[in-house]
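The next block holds one structure in the form of structure tokens; read it before the comments.
First the proteins, then the strands, lettered A, B, ... as listed; each starts at 1.
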Amino acid sequence: MVAPVAVNRRDTRRRFEQWVRNTGCEANLVSAVHNIKMGTVARVENPQAPREGQSVFALARGRTFEAGLVKDGGARLIEALQRHEVFETPDPGFLDFRTTANGGALADLDAAILRTEAFLRALAQDVPSGTDPAKRFEGVVSSATVRIPKGVMLPEATLIIDAITVTWVDNRPMISVGEIKTYSDRGGHTSRGDLAVARAQMGLYVHALQLVCETLGIHDRIEVSDRGFLVLTFPGSNVPSVRIGEELKYQVERARRGFDLLEKSAATLPELFGGERDGEDGDERVDESHDENYRDLVDVVLKAPTAFGDQCLSFCERADACFERALREGDGAILGDDVARFLNGLSLDRADELMGGSRPHSEAERDFLRRMRSPLDAEGARR
Amino acid sequence: MTTELDTTRRLRAWHEGRPQPRGEALNVHVGDDDDILCLSFVRMGGESLPWGVIVGGATTPEGKNRKPSSKSGSTPRVFTVPDPRNRDLVADMMIAVGREVLAHFGHPRYCPDQDESLSVYRFRQLWMPNPSHLEMLHSLAFAYARTRWERADVEVLRDFGLLANCLFVESQRPGQQTVVVASSALSSVYSFPTSPVREAHLGHQLAWFGRERTRATRLDAARAAEKFPVATALDPDFERRSLAPLVDKWNDAPRPDRVRLGKSHASAITKILSAELERRHDLVVDAIGLLRRDTRRPNSGLRDLVRIGRESFSKIWWDNVLKSMADDPDAPAYWPGLWGDVTAGSAAFAYHSRSAAAAEARQILVHGDRALQEEELLAGHGLRITVTGIAGRGSTWNASFDFPEIPSLKSGGSLSIAGAATHSSKSSLKIADFDLDARTIVLQPKWSAARSALGALGMSSDDQRWVGKVLVLVDDFPPDLTARLAGRAAKRSAHDFDPLALFKRERDPEPQEPADT
Ligand code: SF4
């Protein structure tokens, strides 16, 4: 029997995105819900498993770039946003909710969450007196931190939002979320994959902010915009390049549905947690192998059913082992998701035999051979 | 349907245990040694400009019978910097690289021997391992094409930035043969027994052609090859273990003394990066060698694609180079923009232009490869007929059709006989009438006399030997129709779009100052 272990309530975004990449894999679900790092599982399975993780230089550059944007009262970030006429006031404000771990002044994430909630309440209270533009806050908040107050297996999810802007529309505060990335803005040729990831993150933040405003009972006084902004870099420099008006409607919906589905899926898992166990956002190299409960959980992931697919190659450190397993089991997914669909339940090994001339034994096998023939050869005249 | 065709081809390749030829002909142009320059990059994680570059010809590298080619001495040249966050060092490196690439493309300023009176662009090719290297070219364009940096040799940086942008713009035009991404070239020529996601890895692709004896061992080799990155980014773990300590040590010295004091660290970094770069370069050279050894004939349409490519690249790059050098205020250069399709009008224009280019490339290649004809037919871009009768001295053909089940036909539309085309003529037929229930069609040949250049399919339109023949007809629409549509779409857009805006200098808020992070 596995001893109860806490759900890690931090780094929710990474875990959510991990789960979204392969929702059909139960091992992935357990790993995401219980924050059991797949890298650890992969290395228990195979000590030589490749390490994913980010470049140390990229991480350092990300930190330097973000720090440069928010230093001196967020001067650089505000200036970049002002170039797009985001604010009406000529002198936008700046609030910094970063924790000491991230170069800020707040003690920890709990302090950041309290400050963010207090800020949102104050913003909502500004509404009645919102007619005095001189008094109300308009500007940028760095590292607003929210806790999603719902869920079954993820009872509290903590998200740190790179930047939000507050502007006023019809005397009502409007919050737009922003994501800071170091990759270069190459106009219409900016990496679609990178943009999709950043937009998905922003969609999640919008969803989280909406939930928090609802819980605080201020959702009718604050508008969380479904348009966000990206802060990228000009190629070859650290000069920020801002893209405003990023449409996030579908990403917000994806986050909403994703969380619902994650909760439902998580509810089917055995109860494995009880106490508290915290980690830091983005901290992927914590060695928890000394933790007996953690090792038990690793075992649970190892024993959970897997569902190998194309997407595994791009994110999961167990991809090699799962590929081997799929290969042994004759799963057509090793040749691509489309092959798995095409085989329609037939094993790749059997398909191989049929292509080699073996007699079909079932309607499914005859159907496979029919579909393997080119429709051009199937009937009609020949050239 | 083409997707399903890809799926069945992949399954067949799996059954055979090795890559299978895709098509009867090679549909990628592989230039001569003198035409080809191979270019690969590596970059530091998080950076968008190179940490190292390798430039070389298409011949087999040393160690594997490396021999100098006729192209610029052509043992590959490696360029690196100890820390790519130092913009000055990167610029110095790119000036050296830029000179080589500009010379390859025949820029008069960098080819002292060239007879300037010729003033003609000669077709050249640039080969790169995978799409991330192409993206690097675009980043270099952003960094240098419009630079106002005041430093020595800045015009080399600018010339190179402009060339890089033109190459990137040309690479987006369907059917172009100037910039070749080796992994995409192999995918278009072979069906691999592997997931399409893995096909993006050039090393994985090439390993399938190795000497291993069984499918299992070839698969093992392909998976092992995959462990070594081919993209511009390095393996993060490798970068952390092997390079980060050296870069830290190089940076330990005070900034003004780094280059002088950090020589040993710099050469250690160069050694590591060189191995990474050479691996990428060797893979490109291997891919070129593989395609050259392929016994299939090149598609006859490639000649036309190369000609169109030469004209296209001459227009966007060469003509502007000459104009810049002439410095005539009445005939200024109009360089392509950096940002892509930034307005609704330009996006509409670009969309239709690319559709036109894609249709044109398809039309040009389809006649030279029966497998492509099959793809066209399965994608609903054609018809398979049996000629049942000839009337009006060859002015009308009656035919029945058996594929596809529900064709998309239009009276007055035009189809051409697949395989019956040279670069100057083809056998087109106008659709006069059709009956979908009876599955019959009446066609009017647009030629009458026999044409020997078209071989067995070059008979006169009234030749009775056509009767009983089964023919594949492919859609035959003039690509300039789509090109004209591009202009019209641009004009009708809410934005008063001038296609020339695409070629005007942009005023971007550009970062120009060399600044370390
Ligand atoms: S690699 Fe394996 S464990 Fe990871 S998501 Fe895929 S199937 Fe699940």
Residues in side chain to side chain donor-acceptor pair (under 3.5 Å) with A:Glu79, at least two apart?
none
With sequence neighbours excluded, residues passing side chain to side chain donor-acceptor pair (under 3.5 Å) with B:Gln20
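Listed in chain order: nothing, the list is empty.
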Given the options B:Ser195, B:Pro404, B:Ala141, which has more heavy-atom pairs under 4.5 Å with chain A than any of the others?
B:Ser195
Can you tell which of B:Ala13, B:Pro84, B:Ser48, B:Ala233 has the highest number of heavy-atom pairs within less than 4.5 Å of chain A?
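The answer is B:Ser48.
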Member of B:His204, B:Glu226, B:Arg223 meeting the side-chain hydrogen bond (donor to acceptor under 3.5 Å, both in side chains) criterion with B:Thr194
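One option only clears the test, and that one is B:His204.
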Against chain A, label [X] side chain, backbone, both or neither, depending on which of its atoms sit under 4.5 Å from a heavy atom there.
| X | result |
| --- | --- |
| B:Arg241 | neither |
| B:Ser139 | both |
| B:Leu140 | neither |
| B:Val90 | neither |

What part of [X] gets within 4.5 angstrom of chain B, counting heavy atoms only: side chain, backbone, both, or neither?
| X | value |
| --- | --- |
| A:Leu327 | side chain |
| A:Phe323 | side chain |
| A:Leu313 | side chain |

Could you tell me whether B:Trp51 and B:Phe41 have their ring centroids closer than 6.0 angstrom?
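Ring centres of B:Phe41 and B:Trp51 not closer than 6.0 Å.
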Given the side-chain rings of B:Phe168 and A:His189, with only the six-membered ring counted for Trp, is the space between their centroids under 6.0 Å?
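B:Phe168 vs A:His189: aromatic centres under 6.0 Å.
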I'd like to verify something: which residue of A:Leu335, A:Asp310, A:Leu348 has the highest number of heavy-atom pairs under 4.5 Å with chain B?
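Maximum pair count with chain B is reached by A:Leu335.
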If you apply the rule side-chain hydrogen bond (donor to acceptor under 3.5 Å, both in side chains), what do you find for A:Arg186 with B:His138, and how did you get there?
CA-CA 8 Å; A:Arg186 296 187 297 118; B:His138 199 212; 2.7 Å; yes
Between [Y] and [X], is there a salt bridge with N-O shorter than 4.0 Å?
| X | Y | value |
| --- | --- | --- |
| B:Arg87 | B:Glu47 | yes |
| A:Glu45 | A:Arg325 | yes |
| B:Asp235 | B:Lys227 | no |
| A:Arg227 | A:Glu246 | no |

Can you list the residues that meet the salt bridge (charged side-chain N to carboxylate O under 4.0 Å, His left out) rule with A:Asp185, with sequence neighbours excluded?
A:Arg243
Proximal to chain B - members of residues 337-345 of chain A, heavy-atom separation under 4.5 Å:
A:Asp338, A:Val339, A:Phe342, A:Leu343
